[in-house]
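Working notes, beginning with the structure itself.
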Amino acid sequence: MAGHRRLTLMVFGAHTYLGQEVARFGRAMGHRMIACTDKESLPKPEHPWMHGVHWVTNPEPDLHIWPDGPPAALVYCDTTLFDGQHRSFQEILVQRPGRLLNKALPLRPLPRFIFRSTVPQPFLPSSFTTSSRRIEDRIADSTLPFAVLRFPLLYGPDRPDSVAARVVMSAVSRLPFISSIQDFPISMRVETAALAMLRAALEPSISGFLDPEEIARIGDVMIAQ
């Protein structure tokens with residue numbers, strides 16, 4: 001990873017399972033982690049690592065106000081499918097990251113923009129994938145250095161519901177109409193996903209659009225926790 005230089009990273013959608021794992025690993029590596037979410041989604045500080053993260057109850061804070069200078073990377077982890085709430089695909093997946101792109105463009109040096117996206121999945125609404133592709137195009141057309149990580153279903157032991165979802169998806173994958181899809185991605189551990197996003201935020205060589213196979217490769221690392 002990026003040596004021992006301490007960087008400021010902003011995590012948007014820090015209430016999500018993925019967002020919290022990115023903040024946790026980043027803090028373990030000694031980086032300044034600014035976790036952004038709204039007041040309604042602010043998680044309870046149940047784990048010691050959470051006290052070492054700067055929590056901001058604003059999903060779109062000013063990017064210029066930090067005493068150590070602008071952030072090195074904006075890591076967008078938010079999703080409409082996190083807790084089953086019916087939140088707007090357009091607002092969460094397109095409009096908010098689009099506004100953050102505009103806010104980041106005047107910063108110098110330009111921060112990296114790391115975006116959580118999705119592979120096509122048979123039980124996701126088509127508008128979810130369509131909205132994700134729209135903002136992907138905007139990110140790619142901007143002048144910001146970026147990485148877009150297209151994830152399959154994420155799961156982990158701290159979320160029994162996500163483990164159950166993985167079991168369901170694994171069963172569904174064996175159905176004839178699904179198993180005929182070549183290289184259909186079933187699931188990925190959230191720790192692998194978080195480490196891949198963190199590496200993309202820290203390492204300029206990781207850029208562009210990443211599929212699950214590439215994400216799994218760069219997320220397969222060990223750090224002190």
Side-chain angles (χ1 to χ4, degrees), residues 1-79 82 92 96-97 99-116 139 142-149 154 156 158 190-207 210 215 218-219 221-225:
M1 294 210 184
H4 297 289
R5 183 185 171 201
R6 190 179 189 218
L7 300 177
T8 298
L9 307 178
M10 297 185 73
V11 182
F12 299 89
H15 59 284
T16 64
Y17 196 3
L18 177 61
Q20 290 188 53
E21 287 296 284
V22 171
R24 179 171 74 90
F25 283 130
R27 178 185 177 275
M29 294 176 63
H31 296 293
R32 304 179 191 92
M33 304 304 296
I34 302 169
C36 308
T37 187
D38 54 41
K39 291 181 180 178
E40 291 75 18
S41 301
L42 184 67
K44 296 179 181 179
E46 298 175 338
H47 307 290
W49 66 266
M50 296 178 71
H51 298 283
V53 172
H54 185 93
W55 290 88
V56 178
T57 53
N58 182 347
E60 300 177 50
D62 192 335
L63 305 183
H64 299 77
I65 63 175
W66 310 107
D68 297 304
L74 313 181
V75 186
Y76 196 87
C77 299
D78 208 355
T79 178
F82 162 64
I92 303 301
R96 182 177 294 165
R99 292 192 295 267
L100 290 170
L101 279 173
N102 292 335
K103 285 186 175 183
L105 286 172
L107 299 178
R108 292 295 181 274
L110 288 172
R112 294 180 60 74
F113 197 92
I114 312 303
F115 185 73
R116 170 189 190 163
I139 294 169
S142 78
T143 57
L144 295 180
F146 76 93
V148 171
L149 287 78
L154 302 182
D158 292 337
V190 70
E191 295 92 344
T192 300
L195 284 167
M197 290 203 84
L198 189 57
R199 287 193 65 187
L202 297 171
E203 301 179 30
S205 62
I206 299 174
S207 63
L210 307 180
I215 294 168
I218 66 175
V221 296
M222 296 292 292
I223 65 170
Q225 299 183 41

**Side chain Arg112, main chain Ala147, donor-acceptor under 3.5 Å** = no
request  = Determine yes or no for a side-chain-to-main-chain donor-acceptor pair under 3.5 angstrom, with Arg6 supplying the side chain and Gly30 the backbone.
outcome  = yes
Leu149 and Ile215 have their tightest heavy-atom pair at CB-CD1, 3.7 Å
Rounded to the nearest 0.5 Å, the CZ atom of Arg116 sits from the CG atom of Leu18 at a distance of 5.0 Å
Check the pair Glu60, Phe12 against side-chain contact (heavy atoms from CB on, under 4.5 Å), reporting the backbone distance first and the verdict last. CA-CA 8 Å; Glu60 300 177 50; Phe12 299 89; 5.8 Å; no
Here the pair of heavy atoms bringing Ile218 nearest to Ala196 is CG1-CB, 3.7 Å
By salt bridge (Lys or Arg N to Asp or Glu O under 4.0 Å), Arg32 pairs with (sequence neighbours left out) Asp68
Taking every heavy atom of His15 against every heavy atom of Ser41, the minimum-distance pair comes out as CB-O, 3.1 Å
Review point. Is there a side-chain contact between Gln20 and Trp49, using heavy atoms and a 4.5 Å cut-off?
Key: yes
From the list Leu100, Val75, Leu63, side-chain contact (heavy atoms from CB on, under 4.5 Å) partner of Met10 resolves to Leu63
Between the CG atom in Leu74 and the NZ atom in Lys103, the distance rounded to the nearest 0.5 Å is 10.5 Å
task: Decide yes or no for Pro97 and Phe115: does some side-chain heavy atom of the first lie under 4.5 Å from some side-chain heavy atom of the second?
output: yes
Query - Donor-acceptor pair, side chain of Trp55 and main chain of Pro43, under 3.5 angstrom - result: no
All heavy atoms of Ala72 vs all of Leu9, minimum pair found to be CB-CD2, 4.3 Å
With sequence neighbours left out, the residues meeting ring-ring contact (aromatic ring centres under 6.0 Å, His included) with His64 are none
Practice item. Side-chain contact test, heavy atoms from C-beta onward, threshold under 4.5 Å: evaluate it for Met29 versus Leu202 and give yes or no. Key: yes
Rounding to 0.5 Å, atoms CG (Leu154) and SG (Cys77) come to a distance of 10.0 Å
(Q) Within the structure provided, determine whether Ile34 and Pro71 are in side-chain contact (heavy-atom separation under 4.5 Å). (A) no
Exercise for review: Taking the side chain as every heavy atom from C-beta outward, state whether Tyr76 and Ile92 have any atom pair closer than 4.5 Å.
Suggested key: yes
On a heavy-atom basis, the closest approach of Leu42 and Thr57 is CD2-CG2, 3.9 Å
Closest non-hydrogen atoms of Met50 and Glu46, given as atom of the first, atom of the second and distance, are SD-N, 3.6 Å
Original post:
Can you check whether Ile139 reaches Leu144 side chain to side chain, under 4.5 Å on heavy atoms?
Top reply: no
Heavy-atom distance under 4.5 Å between the side chains of Arg24 and His47, does that happen here? no
(Q) I'd like to check Leu195 versus Met197 (side-chain heavy atoms, cut-off strictly below 4.5 Å). Are they in contact? (A) no
One should read off an interatomic distance between Thr192 OG1 and Glu21 CD, to the nearest 0.5 angstrom, of 10.5 Å
